[in-house]
Number of protein chains: 2
Amino acid sequence: MTETRQAEGTRARILETALDLFHKGSFKGTSINQVVEQAGITKGALFHYFKGKNELGYAVVEECIQAQIIETWVKPLATSVDPISDLIGILDHFEEMMQEQPEIVEYGCPLNNLAQEMSTQDEDFRLRLVSLYQQWETALEKALRAGKDAGTVKESIDSEAVASAIVALMEGSIGLIKVNRDRGHIRKIDSGARAFLELLRP
Amino acid sequence: MTETRQAEGTRARILETALDLFHKGSFKGTSINQVVEQAGITKGALFHYFKGKNELGYAVVEECIQAQIIETWVKPLATSVDPISDLIGILDHFEEMMQEQPEIVEYGCPLNNLAQEMSTQDEDFRLRLVSLYQQWETALEKALRAGKDAGTVKESIDSEAVASAIVALMEGSIGLIKVNRDRGHIRKIDSGARAFLELLRP
DNA sequence: CACAATAAACCGACCAGTTGGTATGTTATC
DNA sequence: GATAACATACCAACTGGTCGGTTTATTGTG
């Protein structure tokens with residue numbers, strides 16, 4: 001049972017490995033052979049489950065990255081009535097993560113990395129990636145509306161527009177952190193993002 | 001004179017072509033052969049001027065992208081006393097450009113593209129890229145301070161932190177526009193960024 | 001001013017290694 | 001015994017990079 005073949009087990013390991021390599025490297029920058037090697041399987045197994053490299057990438061987006069986005073950005077805001085506090089809570093969570101597993105944070109947001117690399121190169125990639133951003137923005141927009149109703153968010157703002165601005169701010173900040181690896185600069189970026197969020201309070 | 005050899009002419013054409021291809025594609029995604037072909041030169045010429053692909057990339061950062069950043073983000077804020085209005089002016093300028101030369105805008109910010117792709121892969125790239133971000137942030141910080149003195153910017157904000165948050169917001173917004181090619185969504189992202197900037201007014 | 005010497009600019013065939021992908025297996029499971 | 005789950009050998013195309021050579025411009029010298 002452990003050494004023999006196991007349908008979903010191998011597939012999952014391929015996806016997990018691909019996510020890791022696409023995240024730490026890039027899509028075009030990692031070869032199928034790397035995935036095969038690091039996953040401890042063979043090319044035959046990979047091509048048995050995925051038609052090609054692109055299909056593997058699509059699966060990583062739809063099955064792995066989507067789950068991450070929902071887990072870290074959608075769920076925590078699902079029932080929020082004070083989205084600004086909750087967003088700042090997420091930032092706190094990132095800071096904790098940075099001390100425990102710095103590598104994961106240092107390589108940036110998997111969604112943004114893939115989006116910036118592939119959205120202009122492959123329309124099938126792009127469509128799947130916008131779908132994730134959509135979900136993120138929708139969750140934010142809903143939370144902002146709820147916040148307005150509860151009096152925790154400025155009435156005057158346009159929830160839809162500000163939602164995408166928050167996504168932009170988050171992705172931009174994570175991207176800057178990835179480039180400026182220096183601890184001091186990271187703190188600066190972090191407090192800048194927090195400052196912007198605080199401005200949304202009434 | 002036109003058909004014969006011309007030292008700096010070829011070098012400049014190589015750089016120009018490389019910038020274009022790295023921008024529309026990516027660094028790892030474009031081959032030296034592509035650069036050679038599109039520039040209408042030969043491999044010998046390219047390797048005569050640059051030690052290798054990486055060196056070509058460094059030159060693109062230092063000579064082409066730096067100039068762009070200074071031109072569009074540093075200079076316009078150099079003598080600003082109302083940075084928020086000036087930043088919004090830059091956004092207006094982008095909107096004009098989008099109608100004239102949409103391709104240039106659609107492929108995102110060359111600095112951010114390269115930074116997100118290469119900063120975790122090559123330290124020499126990273127150092128050159130942070131230097132550009134530094135210049136951008138410094139210009140913003142200075143303008144924010146001047147704005148505070150002139151009463152056009154909220155006194156309570158931390159100029160240093162907010163400066164990097166603005167860079168994050170800009171890069172994030174440009175990145176989102178690149179992924180969400182749809183006109184309607186672009187408008188939303190644009191007005192979201194503007195809304196955030198407006199919050200910095202006293 | 002001629003003219004050889006030197007260096008810079010450029011060419012294109014070639015190289016070893018890698019790429020994504022395939023074809024043909026073998027082995028286990030229902 | 002059919003089908004899913006792998007393994008392995010292989011392929012053409014392309015990768016970044018090298019290398020010997022040719023062409024042009026510059027410069028020192030008589």
Side-chain angles (χ1 to χ4, degrees), chain A residues 1-61 63 114 117-118 121-125, chain B residues 1-61 63 114 117-118 121-125:
Chain A
M1 202 211 232
T2 42
E3 296 293 342
T4 58
R5 316 180 161 189
Q6 43 179 26
E8 286 306 296
T10 7
R11 207 189 103 102
R13 206 159 69 256
I14 295 171
L15 278 176
E16 195 185 338
T17 311
L19 172 67
D20 181 58
L21 287 171
F22 293 165
H23 184 209
K24 293 184 181 166
S26 61
F27 181 75
K28 286 195 175 168
T30 81
S31 71
I32 289 185
N33 288 330
Q34 277 178 272
V35 178
V36 163
E37 193 186 354
Q38 182 167 321
I41 50 143
T42 60
K43 222 175 236 192
L46 195 152
F47 277 90
H48 175 69
Y49 288 106
F50 306 97
K51 282 179 193 166
K53 197 191 181 188
N54 278 5
E55 302 283 337
L56 172 59
Y58 303 156
V60 166
V61 174
E63 300 180 37
L114 251 181
E117 180 188 5
M118 295 307 297
Q121 308 299 309
D122 183 301
E123 183 68 4
D124 292 319
F125 255 116
Chain B
M1 203 212 225
T2 42
E3 296 295 341
T4 58
R5 320 185 157 184
Q6 41 181 25
E8 287 306 297
T10 356
R11 206 189 104 100
R13 207 160 67 258
I14 295 171
L15 278 176
E16 196 184 338
T17 311
L19 172 67
D20 181 58
L21 288 171
F22 294 165
H23 184 210
K24 293 184 180 165
S26 62
F27 181 74
K28 287 196 175 169
T30 81
S31 71
I32 289 185
N33 288 329
Q34 277 177 272
V35 178
V36 163
E37 192 186 353
Q38 182 168 320
I41 50 141
T42 58
K43 220 174 236 191
L46 196 151
F47 277 90
H48 173 70
Y49 289 105
F50 306 96
K51 283 181 193 165
K53 198 190 180 189
N54 278 4
E55 303 283 336
L56 173 57
Y58 304 156
V60 166
V61 173
E63 300 180 39
L114 251 182
E117 180 188 3
M118 295 308 296
Q121 308 298 311
D122 183 300
E123 182 70 3
D124 292 319
F125 255 116

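Every heavy atom of this structure was used, including side-chain atoms; hydrogens, water molecules and symmetry mates were not. Model, not experiment: these values are computed from the prediction. A note on names: the letters A, B, ... follow the listed sequences, proteins ahead of strands, and every chain is numbered from 1.
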Practice item. First locate atom CD1 of A/I32, then atom CD1 of A/I14, and finally report the distance between them rounded to the nearest 0.5 Å. Key: 10.5 Å
Practice item. Could you tell me the separation between the NZ atom of B/K43 and the P atom of D/dG20, rounded to a whole number of Å? Key: 17 Å
Exercise for review: State whether a side-chain donor-acceptor pair under 3.5 Å links B/N54 with B/D122.
Suggested key: yes
Check your understanding: Are B/Y49 and C/dA8 close enough that a side-chain N or O sits under 4.0 Å from OP1 or OP2?
Key -> no
Point to revise | Polar side-chain atom of B/Q34 near backbone of B/S31 as donor-acceptor pair, under 3.5 Å | key: yes
Point to revise | Spacing of A/F47 atom CZ relative to D/dC11 atom P, expressed in whole Å | key: 17 Å
**Study point:** Set of salt bridge (charged side-chain N to carboxylate O under 4.0 Å, His left out) partners for B/E16, sequence neighbours left out
**Key:** none
**Study point:** Interface with DNA chain D, restricted to residues 15-35 of chain A and to heavy atoms under 4.0 Å
**Key:** none
Study note, to complete from the structure: CZ (A/R11) and CD1 (A/I41) are apart, to the nearest 0.5 Å, by 12.0 Å
Study note, to complete from the structure: Axis-to-axis angle for the helix from C/dC1-D/dG30 to C/dC30-D/dG1, ends of five pairs each, to 10°, equals 0°
Check your understanding: Excluding sequence neighbours, so at least two apart, what forms salt bridge (charged side-chain N to carboxylate O under 4.0 Å, His left out) with A/K53?
Key -> none
Check your understanding: Rounded to the nearest 0.5 Å, how far apart are OH of A/Y49 and OG1 of A/T10?
Key -> 3.5 Å
Point to revise | With A/F27 via ring-ring contact (aromatic ring centres under 6.0 Å, His included) - residues at least two apart | key: A/F22, A/F125
Point to revise | Polar side-chain atom of B/E117 near backbone of A/S26 as donor-acceptor pair, under 3.5 Å | key: no
Point to revise | B/T10 vs C/dC10: side-chain N/O to OP1/OP2 distance below 4.0 Å | key: yes
Review point. Atom CD1 of B/I14 to atom C1' of C/dA9: distance rounded to whole Å?
Key: 11 Å
Practice item. Verify side-chain contact (heavy atoms from CB on, under 4.5 Å) between A/F50 and A/L15, making sure each step is shown before the conclusion. Key: CA-CA 10 Å; A/F50 306 97; A/L15 278 176; 3.9 Å; yes
Exercise for review: Provide, to the nearest angstrom, the distance between the CD atom belonging to B/E37 and the P atom belonging to C/dC11.
Suggested key: 14 Å
**Study point:** A/L46 side, atom CG; A/L56 side, atom CG - distance, nearest 0.5 Å
**Key:** 5.5 Å
Practice item. Please determine if a side-chain N or O atom of B/H48 lies less than 4.0 Å away from the OP1 or OP2 oxygen of C/dC10. Key: no
Point to revise | Close residues, residues 50-61 of chain A, relative to DNA chain C [heavy-atom separation under 4.0 Å] | key: A/G52, A/K53
